[in-house]
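What follows is one structure encoded as structure tokens, with my remarks underneath.
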2 protein chains.
Amino acid sequence: MPKVTEEYRVARRTEIADAALRAFRRKGFHATSMAEIISEAGLSAGAIYGHFPSKEALVMEVATRIIDTRVADVEHLAELDPMPAPSALPRMLVEGMQRELGSPNVMLQLWGEAVTDPTVRALAASVVNRLRAVVGRYVSRWQQREHGLGSDEADALGAEQSVLFVAAVQSYIVQASLVPDFDGESYLRTQEKYLPH
Amino acid sequence: MPKVTEEYRVARRTEIADAALRAFRRKGFHATSMAEIISEAGLSAGAIYGHFPSKEALVMEVATRIIDTRVADVEHLAELDPMPAPSALPRMLVEGMQRELGSPNVMLQLWGEAVTDPTVRALAASVVNRLRAVVGRYVSRWQQREHGLGSDEADALGAEQSVLFVAAVQSYIVQASLVPDFDGESYLRTQEKYLPH
DNA sequence: GTCTATAGTAGGATAGAC
DNA sequence: GTCTATCCTACTATAGAC
């Protein structure tokens, strides 16, 4: 298989997935027809189906991108030195997401989709777990550095508290998508104030 | 308009809405066809459409029921004497919801629907606001009784903290729906531990 | 690989008898 | 008010030319 062709194929897939994301952002997953994605991509039905076998495959591709980027962001954050306080995690996660997506709407739609679609649900579940894991490690490391805890004790604290940080992000997504005059800045400040230090 | 007819009409609407809820619980909103709702209700298409003009109207009816019951529960809770501590609110809300719905899945689907459907979004937004308001009043009252705060100070604290309690519930709904082996009991214990007292 | 045109199908809604 | 039968729209996916 020649190298140029493979690169071209990947580029096309990316191009199509980007167009799909733009369309989904406007109208959601099921409200968006293949015709709209096709039009957004500036291609034709045949061209799209040559790269993705179905609309669901396209949804999965887009979802995987969003999600993998998010987890990578956190993992990257855990490598920083000095480490920001864990209470700053929700803000960083939320801001990264908005930078990439424009709005958290798509995330909420994805969750709704996951309820009835086992494939999407498996993906979403793995994300929540990966996010909790990486946040837990982050908290553990922070506790050891900042408060001199032993690694066992710090790990336990990280496992326990990680759920709180993840919850803060999830609730931000819900409220930012649903409440028209949601004050994200105020929400984040309150969470930072009450989350453990 | 004779009284008997009106009562009958309401009873039928309730019957249909209940059947729709059962169907939605299994497969979600859009994955459920009118045929399934019709079958679940043991009626026919004509009978259903005589009471609800469209599938969307049926979704709205079901959503309104779920949501109004939830808000009423909190309002009722606020009248109790002695008042349970505010940190117990998420557990009570979650348990009430599960008693009524079986699982929080439908709630998450509703949120997903809200992203693209303005009518549903308006409903969901009003619920979040009503919930925050009633929880805020609850916290305020609790702070005055338990810690002797002045009403202005207590109100401010209630407004600030209410978002935390609502967030705990929202995140429970997300995780319980998405993560197969989600440990709700452990989640609630952790939230209760860290939520303000 | 990509296009146009279309096949195939599912599901929401309605018409008209009773 | 309710039932049966059916229409019609909208969508995904494919077939075949270039």
Side-chain angles (χ1 to χ4, degrees), chain A residues 1-24 26-63 109 112-113 116-117 119-120, chain B residues 1-63 109 112-113 116-120:
Chain A
M1 194 183 290
K3 187 158 177 278
V4 181
T5 304
E6 176 63 13
E7 274 175 2
Y8 178 80
R9 210 182 59 84
V10 170
R12 252 296 134 93
R13 279 181 66 93
T14 306
E15 199 180 310
I16 294 169
D18 285 348
L21 175 55
R22 286 195 299 276
F24 291 150
R26 284 199 300 272
K27 303 185 60 180
F29 288 114
H30 14 261
T32 301
S33 68
M34 282 304 281
E36 287 168 290
I37 295 174
I38 288 159
S39 154
E40 178 73 40
L43 294 173
S44 68
I48 305 274
Y49 279 96
H51 292 275
F52 295 94
S54 69
K55 184 183 173 183
E56 196 193 331
L58 214 36
V59 171
M60 284 300 295
E61 174 76 15
V62 169
Q109 287 176 57
E113 197 84 0
T116 49
D117 183 331
T119 316
V120 178
Chain B
M1 196 182 291
K3 187 157 176 281
V4 181
T5 304
E6 176 63 13
E7 275 174 3
Y8 177 80
R9 210 183 58 84
V10 170
R12 251 299 135 93
R13 279 181 65 92
T14 306
E15 200 180 308
I16 293 169
D18 285 348
L21 174 55
R22 287 195 298 277
F24 291 150
R25 208 150 57 185
R26 284 199 299 272
K27 304 186 56 179
F29 288 112
H30 13 263
T32 301
S33 68
M34 284 302 281
E36 286 169 292
I37 296 174
I38 288 158
S39 155
E40 178 73 42
L43 294 173
S44 67
I48 305 274
Y49 279 97
H51 292 275
F52 296 93
S54 68
K55 184 183 174 183
E56 194 191 334
L58 212 37
V59 170
M60 283 301 294
E61 175 75 15
V62 169
Q109 288 177 58
E113 197 85 359
T116 50
D117 183 332
T119 317
V120 177

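In what follows, every chain begins at residue 1, and chains take the letters A, B, ... in the order their sequences are listed.
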Separation of dT2(C) atom C1' from Ile38(A) atom CD1, nearest Å, is 12 Å

Ile48(B) CD1 to dT14(C) C1', straight-line distance once rounded to whole Å: 15 Å

Could you check whether His51(A) gets within reach of a base, just the sugar-phosphate, or nothing at all, counting any heavy atom under 4.0 Å? sugar-phosphate

Which nucleotide sits closest to the side chain of Ala47(B): dT2(D), dG12(C), dT2(C)? dT2(D)

Give a yes or no on whether the backbone of Ala35(A) and the side-chain of Ser39(A) come within a donor-acceptor separation of less than 3.5 Å. no

Strictly below 4.0 Å, N to O, side chains only: are Arg26(B) and Glu36(B) in salt-bridge contact? no

Against the side chain of Thr5(B), the closest entry in dT12(D), dG1(D), dC3(D) is dG1(D)

Rounded to the nearest angstrom, tell me the gap between atom OH in Tyr8(B) and atom P in dG1(D). 8 Å

Would you mind reading off the distance between Lys27(B) atom NZ and dG11(C) atom C1', rounded to a whole angstrom? 12 Å

Arg13(A) bridged to Glu61(A) by N-O distance under 4.0 Å: yes

At 4.0 Å (heavy atoms only), tell me whether Gly50(A) reaches a base, stays on the sugar-phosphate, or touches nothing. nothing

Quickly work out the Arg9(B) CZ to dG1(D) P distance and round it to whole Å. 7 Å

Selection from dC3(D), dT14(C), dG1(C) that lies nearest to any side-chain heavy atom of Tyr49(B): dT14(C)

Rounded to whole Å, how long is the line connecting atom CE of Met34(A) with atom P of dT2(C)? 14 Å

Of all the nucleotides listed (dA13(C), dT2(D), dG1(C)), which has the minimum atom distance to the side chain of Ser54(B)? dA13(C)

Lys55(B) has a side chain; which of dT4(D), dT4(C), dG12(C) sits nearest to it? dG12(C)

When the distance from CG of Leu43(A) to P of dT4(C) is rounded to whole Å, what number comes out? 11 Å

Answer with base, sugar-phosphate or nothing: what part of the nucleic acid does Ser33(A) contact at a heavy-atom distance below 4.0 Å? sugar-phosphate

Atom CG of Leu58(B) and atom C1' of dA13(C): how far apart are they, to the nearest Å? 13 Å

Ser44(B), nearest nucleotide to its side chain (from dT14(D), dA5(D), dC3(D)): dC3(D)

Would you indicate whether the side-chain heavy atoms of Glu113(B) and His30(B) approach each other to under 4.5 Å? yes

May I ask you to verify if any side-chain N or O of Arg12(B) is less than 4.0 angstrom from the OP1 or OP2 atom of dT2(D)? yes

Distance-only, no hydrogens or angles: does the Lys27(B) side chain make a donor-acceptor pair with backbone N or O of Ser33(B) under 3.5 Å? no

